Number of protein chains: 2
Amino acid sequence: MIKRSKQKETILRVLRSTSSHPGADWVYDQVRREIPNVSLATIYRNLRLLKEAGYIQQADSSSEHGRFDGNTGAHYHLRCEKCGRIFDLNEPIRRSIEARVARRTGFKVTGHRLEVTGLCPECQ
Amino acid sequence: MIKRSKQKETILRVLRSTSSHPGADWVYDQVRREIPNVSLATIYRNLRLLKEAGYIQQADSSSEHGRFDGNTGAHYHLRCEKCGRIFDLNEPIRRSIEARVARRTGFKVTGHRLEVTGLCPECQ
DNA sequence: TTATTTGCAAATCATTTGCCCGAAG
DNA sequence: CTTCGGGCAAATGATTTGCAAATAA
């Protein structure tokens, strides 16, 4: 961690205390119990810093905004982390994982999404 | 499609003409070439309607906002489409797909993300 | 006709930024 | 000391919504 601070430490501890993959507002509420006057901006700032430093991850597919796909068939995606372009993959769809997860978790599984990330030939 | 309109048809055609997984603004620009006074609001409205009706998909992990994860180890996620909660899966990580994709696409692959979606026991 | 859809502008929502002050190294 | 982090409020950017007029069924 570049520079420690009470707020960074609290954010990290709060985030490690749960497996609920919370959003910034939930973290804000929790941190406020210890540091009542933290700013929401500080939460956002530090979540980003902690992520960039590798202390935490983001559970959802990057911070990308809505990207639409006219192809309704099941297929996986390949995303370039530099230019942001998304390509279709023609890997076979692995349905077996859905049944296994359904059996082990009690979920009624409706599908799955796989995204491979990296650098495209032009961006390398 | 519940009720057809020139704008819905144009949006669908534009989206099916590319595999670039564009965002709403790109679709807007394209549609404007045929219907110069479309509103961006119409684009958003119809993208949502078309998605709900199953005519198109969203390439990114739903429209979820930032969700953070204090667990930095590689792991997959299970998301409930109703309540939005995200759970960790302890499925084995399949690194083999990364090498295969790298070989076939020329990408420098840095990782992959797998998310299984469905309804959690409480939401079913 | 009658229910939907559109375009417009204003409203939201999550997230970011500018600025000045206080804290860390 | 001097740089970096924090709090606040204002700014931003994407997406949504309210509403009267236009359009599809």
Side-chain angles (χ1 to χ4, degrees), chain A residues 1-15 20-69 79 84-86, chain B residues 1-15 20-69 79 81 83-86:
Chain A
M1 197 180 317
I2 312 281
K3 198 165 184 172
R4 6 189 315 156
S5 72
K6 184 170 184 166
Q7 14 294 81
K8 282 199 191 68
E9 281 157 15
T10 307
I11 289 170
L12 202 48
R13 178 158 34 75
V14 156
L15 215 43
S20 70
H21 308 80
D25 53 344
W26 186 90
V27 176
Y28 179 46
D29 286 342
Q30 299 303 309
V31 172
R32 240 191 324 184
R33 289 147 83 131
E34 293 186 40
I35 310 174
N37 64 323
V38 244
S39 165
L40 183 52
T42 297
I43 304 294
Y44 276 108
R45 245 186 313 243
N46 286 333
L47 284 172
R48 180 153 44 74
L49 291 173
L50 290 167
K51 180 175 56 149
E52 286 167 8
Y55 288 90
I56 62 176
Q57 297 192 237
Q58 205 157 350
D60 46 61
S61 169
S62 91
S63 54
E64 286 290 316
H65 285 286
R67 298 296 219 80
F68 297 89
D69 190 343
R79 184 163 53 83
R85 284 185 295 173
I86 297 177
Chain B
M1 199 181 316
I2 313 281
K3 197 165 186 171
R4 9 188 313 156
S5 71
K6 184 172 184 166
Q7 16 291 81
K8 281 198 191 70
E9 281 158 13
T10 308
I11 290 170
L12 202 48
R13 179 158 33 75
V14 156
L15 215 43
S20 71
H21 308 80
D25 53 344
W26 185 90
V27 175
Y28 179 47
D29 287 342
Q30 299 302 310
V31 173
R32 241 192 322 187
R33 289 146 84 131
E34 293 185 40
I35 309 174
N37 64 324
V38 246
S39 166
L40 183 52
T42 297
I43 303 294
Y44 276 107
R45 245 183 316 236
N46 286 333
L47 283 173
R48 181 154 44 76
L49 291 173
L50 290 168
K51 180 176 55 149
E52 286 168 7
Y55 289 89
I56 63 176
Q57 297 191 238
Q58 204 157 349
D60 46 59
S61 170
S62 91
S63 55
E64 286 292 316
H65 285 285
R67 298 297 218 80
F68 297 89
D69 190 343
R79 183 162 55 83
E81 295 175 312
C83 65
R85 282 185 297 173
I86 297 177

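Quantities reported herein were computed from a predicted structural model and do not represent experimental measurements. Numbers restart at 1 for each chain; the letters A, B, ... are given by sequence-line order, proteins then strands.
Taking CZ of Phe68(A) as the start and CG of Leu15(B) as the end, the distance is 8.0 Å to the nearest 0.5 Å. Distance check: Asn46(A) CG to Ile56(A) CD1 gives 9.0 Å after rounding to the nearest 0.5 Å. Distance check: Leu50(A) CG to Leu12(A) CG gives 5.5 Å after rounding to the nearest 0.5 Å. Distance OG1/Thr42(A) to NZ/Lys6(A): 13.5 Å, rounded to 0.5 Å. Rounding to the nearest 0.5 Å gives a distance of 9.5 Å between CG of Leu49(B) and OG of Ser5(B).
For Leu40(A) and dA14(C), the CG to P distance is 9 Å, given to the nearest whole Å. We find that CZ of Phe68(B) is positioned 10 Å from C1' of dT15(C), with the value rounded to whole Å. Put simply, CZ on Arg67(B) is 16 Å from C1' on dT15(C), counting in whole angstrom units. Going from atom CG of Leu47(A) over to atom P of dG5(D) covers 15 Å, rounded to whole Å. The nearest whole Å value for the distance from the CZ atom in Arg48(B) to the C1' atom in dA14(D) is 14 Å. Look at NE2 on His65(B): it is 10 Å from C1' on dT12(C), rounded to the nearest Å. The nearest whole Å value for the distance from the OH atom in Tyr28(A) to the P atom in dC8(D) is 8 Å.
Within the 4.5 Å cutoff, no side-chain heavy atoms of His21(B) are placed close to those of Arg79(A). Counting only heavy atoms from C-beta outward, the side chains of Gln7(B) and Arg45(B) never approach each other to under 4.5 Å.
In terms of modelled atom types and a separation under 3.5 Å, the side chain of Lys51(B) and the main chain of Gln58(B) share no donor-acceptor contact.
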Protein-proximity profile, nucleotides 2-10 of chain C, B/S/- by nucleotide at the 4.0 Å heavy-atom cutoff, equals -BSSBBBB-

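Recorded end-axis angle for the helix from dT1(C)-dA25(D) to dG25(C)-dC1(D) stands at 40°, based on five pairs per end and rounded to 10 degrees.
Nucleic acid contact for Gly23(B): none, since no nucleic acid atom lies under 4.0 Å from a heavy atom of the residue.
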